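In this text the structure is predicted, and so the values were computed from the model without any measurement. Heads up: numbering here begins at 1 and tracks the sequence.
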Amino acid sequence: MNETTATPISEQEVMENLKKYDSPTITNVVATYPGDLVNCLGLYHPWQGQWYTDERMKCNFPELGRTVGHVVTCVYGMPDPAFKRLSFADLFKALAAAPKPVVLVIKQNFPEEIKIKNGLAGGNMMTAFKQLGVVGLITDGPSRDLDEIRPMGVQYMTTGVCAGHGDFALEAINVPVEVCGMAVSPGEMIHMDENGAVKFPREHLGEIAVRANRLMAKEIAVQAAMRQTNDPEKLARYIRGEID
């Protein structure tokens, strides 16, 4: 008897599959409902885990949809004459060496009065980043050049926009950072869309995709059942996931 084996699904295919689900679905699978042992991995404490972005983070291009990528981080701050070890070239090399595609997370380590008017990653930087495999950028400050960046197709999350900036300098590459409530490290992965960004360990990518598919099927069935009744008791039962 001839035996056939399924062709293994590549990581790239799994990442592409994960784009079928919005970030709230991914958060539900990652940690939101730890009591759901079937669909939720319970990787973090739902409230205290610092695993997704808060309301300060804004999606500039919601029309681009969902983006998934491997994390590279860096920190920018004010120029320091005593520290000039890092340059754009060092960041570009780190991006080139990273698994693809990349979500670049930039921590803006500036005094608040500077940070709120620092349009950090503009058209020139984003052009270079895209050439090195960046499909999404997240930063905890404003940016500029949205009209130049939009056609690039790179998902872009910032706290706002402004027109200018002064001198700034690279302080660190591939270190743990915290941006708008999400603590993220190199080697992790991020799913991002108009609802925000959520991180998770790379080794859980495949299981997250499996559980997201299962959870989505359940929610489709629940909402279909809810649309068939206006009975309060039935609606209360359905919203708990108790469908016939």
Side-chain angles (χ1 to χ4, degrees), residues 6-69 101 103 135-136 138 150 153 155-160 179-184 188-244:
T7 303
I9 299 175
S10 70
E11 183 178 75
Q12 294 292 326
E13 290 173 312
V14 178
M15 294 171 69
E16 195 63 30
N17 178 65
L18 216 59
K19 294 179 185 179
K20 296 191 298 186
Y21 314 106
D22 59 18
S23 60
T25 298
I26 303 304
T27 63
N28 288 346
V29 168
V30 169
T32 300
Y33 299 112
D36 182 355
L37 302 182
V38 174
N39 297 309
C40 180
L41 286 166
L43 298 179
Y44 312 103
H45 188 286
W47 289 119
Q48 306 300 327
Q50 289 191 296
W51 50 285
Y52 63 96
T53 55
D54 60 33
E55 68 171 359
R56 290 171 291 176
M57 190 65 73
K58 307 297 189 298
C59 179
N60 290 293
F61 309 133
E63 69 276 7
L64 293 181
R66 295 115 188 205
T67 301
V68 183
V103 172
V135 296
I138 299 173
R150 184 177 287 107
Q155 189 56 278
Y156 204 48
M157 298 184 70
T158 68
T159 58
V179 289
C180 296
M182 182 176 69
V184 63
E188 294 182 310
M189 304 193 75
I190 283 177
H191 180 290
M192 57 194 290
D193 63 14
E194 61 186 317
N195 297 286
V198 53
K199 72 162 188 177
F200 53 86
R202 182 179 183 180
E203 61 264 29
H204 291 287
L205 174 65
E207 184 62 22
I208 287 172
V210 169
R211 295 193 184 209
N213 184 67
R214 190 163 61 216
L215 179 59
M216 180 60 67
K218 179 182 178 181
E219 291 191 348
I220 289 173
V222 166
Q223 292 178 22
M226 294 174 74
R227 285 192 289 268
Q228 300 303 312
T229 184
N230 57 7
D231 181 290
E233 294 294 335
K234 286 186 177 181
L235 290 169
R237 183 159 55 86
Y238 294 158
I239 205 167
R240 294 194 300 267
E242 301 170 7
I243 57 176
D244 299 327

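- When side chains are defined from C-beta on, T32 does not count as touching P46, because their heavy atoms never get closer than 4.5 Å.
- The main-chain N or O of A197 is found under 3.5 Å from a side-chain atom of T53 such that the two form a donor-acceptor pair.
- Atom CD of E55 has 12 or fewer heavy atoms from other residues, nucleotides or ligands within 6.0 Å.
- Between the side chains of T25 and D22, at least one donor N or O sits under 3.5 Å from an acceptor N or O.
- Here the side chains of M15 and P101 are in contact, with some heavy-atom distance below 4.5 Å.
- With values rounded to the nearest 0.5 angstrom, T159 atom OG1 is found 9.5 Å from N60 atom CG.
- Within a 6.0 Å radius of CD in E63, other residues, nucleotides and ligands contribute more than 12 heavy atoms.
- Here the shortest heavy-atom pairing between F200 and Y44 reads CA-OH, 3.5 Å.
- Side chain of K58 to main chain of R56: a donor-acceptor pair is present (N/O by atom type, distance under 3.5 Å, no hydrogens or angles).
- Here the straight-line distance linking atom CE of M226 with atom CD1 of I239 works out to 4.5 Å at 0.5 Å rounding.
- What you find for N195 and P24 is that their closest heavy atoms are ND2-CD, 3.4 Å.
- Two residues are said to be in side-chain contact when any heavy atoms from C-beta on lie closer than 4.5 Å; R66 and I26 fail this criterion.
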Q: Could you walk me through whether R202 and E11 pass side chain to side chain contact (heavy atoms under 4.5 Å, CB included), step by step?
A: CA-CA 10 Å; R202 182 179 183 180; E11 183 178 75; 2.8 Å; yes
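- Of all non-hydrogen atoms in R211 and C40, the two that sit nearest each other are NH1-O, 3.2 Å.
- Atom CD of residue E194 and atom CE of residue M157 lie 10.0 Å apart, to the nearest 0.5 angstrom.
- Side-chain atoms of D193 come within 3.5 Å of backbone N or O of S23 as a donor-acceptor pair.
- For H204 (side chain) and L43 (main-chain N/O), no donor-acceptor pair under 3.5 Å exists by modelled atom type.
- A distance of 6.0 Å separates CD in E219 from CE in M216, rounded to the nearest 0.5 Å.
- Taking the side chain as every heavy atom from C-beta outward, I208 and H191 never approach each other to under 4.5 Å.
- In this structure a side-chain-to-backbone donor-acceptor pair under 3.5 Å is missing from Q155 to V135.
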**Q.** Check against side chain to side chain contact (heavy atoms under 4.5 Å, CB included), Y21 and V29
**A.** CA-CA 11 Å; Y21 314 106; V29 168; over 6 Å; no
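- Between the side chain of K19 and the main chain of V68, no donor-acceptor pair closer than 3.5 Å is present.
- Residue-environment remark: OH (Y33) stays at or below the threshold of 12 foreign heavy atoms within 6.0 Å.
- Taking CD1 of I138 as the start and CD1 of I190 as the end, the distance is 4.0 Å to the nearest 0.5 Å.
- Around the CG atom of D231, the shell of radius 6.0 Å holds more than 12 heavy atoms that belong to other residues, nucleotides or ligands.
- Atoms CG and CG, on D36 and N28 in that order, are 9.0 Å from each other to the nearest 0.5 Å.
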